[in-house]
There are 2 protein chains.
Amino acid sequence: MTQNQAKKISKSDRTRAHILEAARLLFAERGYDGASIRDVAAHASIDPAMVIRYFRSKDELFARAAIVDLHLPELRMIDRAAIGETLIRRFLEIWEGPASGPGMTILLRSAMSNDYAAEKLREVFASQVRPVVAAVGDPADAGRRAGLVSSQLLGLAMCRYLLRLPPVVALSHDEIIRNVGPALQRYVTEEDLS
Amino acid sequence: MTQNQAKKISKSDRTRAHILEAARLLFAERGYDGASIRDVAAHASIDPAMVIRYFRSKDELFARAAIVDLHLPELRMIDRAAIGETLIRRFLEIWEGPASGPGMTILLRSAMSNDYAAEKLREVFASQVRPVVAAVGDPADAGRRAGLVSSQLLGLAMCRYLLRLPPVVALSHDEIIRNVGPALQRYVTEEDLS
DNA sequence: TGCATTTGTCAACAGGTGTTGGCATATGAA
DNA sequence: TTCATATGCCAACACCTGTTGACAAATGCA
C-alpha cells in the first residue's frame, strides 16, 4: 500500500467514487434506462469495462447509487401543531438544501418504469416515513396517514423537480410552506378521518 | 373497397386499431422504453414491420397512444363548497371508472424519463386542468392553485397506481374522498394564500 | 377470368446495450 | 533492480433495438 495502512484511500477507492458520482448524476438526469454504462464511464473519464469491474453489474451500480437517507426529524420532539410545517421544511431541504444529493431524484425518476427502483422507494417509505408518522398518533392509522403525506410530497417533488410544471416550479419556498404545510398537518393530525 | 364507400371500416382500420390497443396496454404497463415495437407487434399478432407501416415510427405510435381527455366538469356549475369532492370523484372515475382508459397511466409512467411524455403531460395540465380551476377564482391565482391540485392528484395516482404503495392502495374510495377532497377544496378556494 | 391494390411476412441493416477476457502499463514492495 | 499486483484500455461477444426494402399472398374491381 502507499504510505501506511491507515491511509486506505487507494487510487481504486478514488476512481470507484468517481464512477459512483457520475452514475448518480446520470441516473438522476436520465433514469435507469436512459443512462448507459458507456455514458457513465465517459462522464468518469474511464473505460466502460472498469465500471463493471468496480460494480459487478449495472443493477448493482444502480443499487449503490440509489441509497437514500431522508434524515426525517423525530416528530414527538416538536409542537404537535407544527408537524406539517416541519415536514414541508424538511422536504425542501432534502430536495433543494445545500446538502441535498440526487438520491431521491434517482429513485423517483426510475421508480415509474423500473421494478427495483419502485421496490426501493417503497422501502424508503416503510422504513423512514411511516415510522416517523407512527410516532405521533394511533399506530393503526400510521400507514394511511403516512401514505397520504407521501402522496402529496412525492407529487409535489414530481411536479416541481421532474415534470417541471411551470406554476409549481415558480412557487417560492414560503408559498410552498404556507400552502402544502397545512395539508400535511391535516393528514397527520386530523382525528375524524376513518 | 369492400361493399360501398360508406363502410370505411376496412381491414386495415381494424388491424390499425389492434396495434394501437396493444401499444396502449404495453406503454401503460412498461413505459416508453420498456415496451418495444416487437412486443407490441407480438401482442397484436402481427409482424413488427406492420407497426411501422401503420404508424411511421415508435414516437408517432406513442403520440397516438398517449392522447388524453380528462373530461373535467365545469366547476362554475356546482356548489363552490363541493369543488374538492367533485374533483376527487372525477379523479377516481378517470383512474378506476368503467370507462377509464390507460391514457393517464401511459403518460405518467413515461413522463419521468421521456421528454415527449413530460411535455404532453404539461400540455394536459395547461389545456385541461388549469382552465377549469381558473374558471372559479382569480385567474391570476389559477396557475398556482391548479399546480397544487395537480401535485396532490398526480402524487396520489403515482402512489396508488404506479408505485403501488400498500397503504395507499388499501384506501377505499370513501376514504380517498374524505381525506383528499378537503385538501383539494383548500387549494382551489382558500383566499389568503399569497 | 385477369389485374392492380392492399395487407402481410421475412430477412437484414446499422447502431446501441451489458458484459467478458486478454493484454498493456503503472505502481509499490523486496 | 526484480517482480507481483493493481489499475486500466481494447476488442469482441451475444443480444436487443427501430427501421427498411424486397417479396408473397390475399383481396376486390374490370
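Note that the structure is predicted; figures quoted are calculated from it, not measured.
- B:Ile46 places its CD1 atom 14 Å from the C1' atom of C:dC10, with the value rounded to the nearest Å.
- Heavy atoms of other residues, nucleotides or ligands lying less than 6.0 angstrom from CD of B:Glu21 number 12 at most.
- At a cut-off of 3.5 Å, with distance as the only test, a side-chain donor of B:His173 or B:Glu96 sits close to an acceptor on the other residue.
- In this structure, the OH atom of A:Tyr54 is 18 Å from the P atom of C:dT19, given to the nearest Å.
- Checking the phosphate oxygens (OP1, OP2) of D:dT17, a side-chain nitrogen or oxygen of B:Ser36 falls inside 4.0 Å.
- Between the C1' atom of C:dC10 and the CE atom of B:Met50 lies a distance of 13 Å, rounded to the nearest Å.
- The distance from atom CD1 of A:Ile19 to atom C1' of D:dT7 is 11 Å, rounded to the nearest whole Å.
- Look at CZ on B:Arg38: it is 14 Å from C1' on C:dT9, rounded to the nearest Å.
- Neither side chain, A:Glu123 nor A:Ser127, offers a donor N or O lying under 3.5 Å from an acceptor on the other.
- Checking A:Gly34 against A:Ala49, the closest nucleotide of DNA chain C that is more toward the 5' end is the one next to A:Gly34.
- Rounded to an integer number of Å, the gap from CG of A:Asp47 to P of D:dC10 is 6 Å.
- As a whole-Å value, the separation of B:Phe55 CZ from D:dT19 P is 13 Å.
- For C:dT7, the OP1/OP2 oxygens have no side-chain nitrogen or oxygen of B:Thr15 closer than 4.0 Å.
- Using cut-offs of 30° and 60° on the angle between ring planes, the pair A:Tyr161 and A:Phe91 is tilted.
- Positionally, the nearest nucleotide of DNA chain D for B:Lys58 lies more toward the 5' end than for the other of B:Arg53 and B:Lys58.
- To the nearest angstrom, P of D:dG18 lies 13 Å from CZ of B:Phe62.
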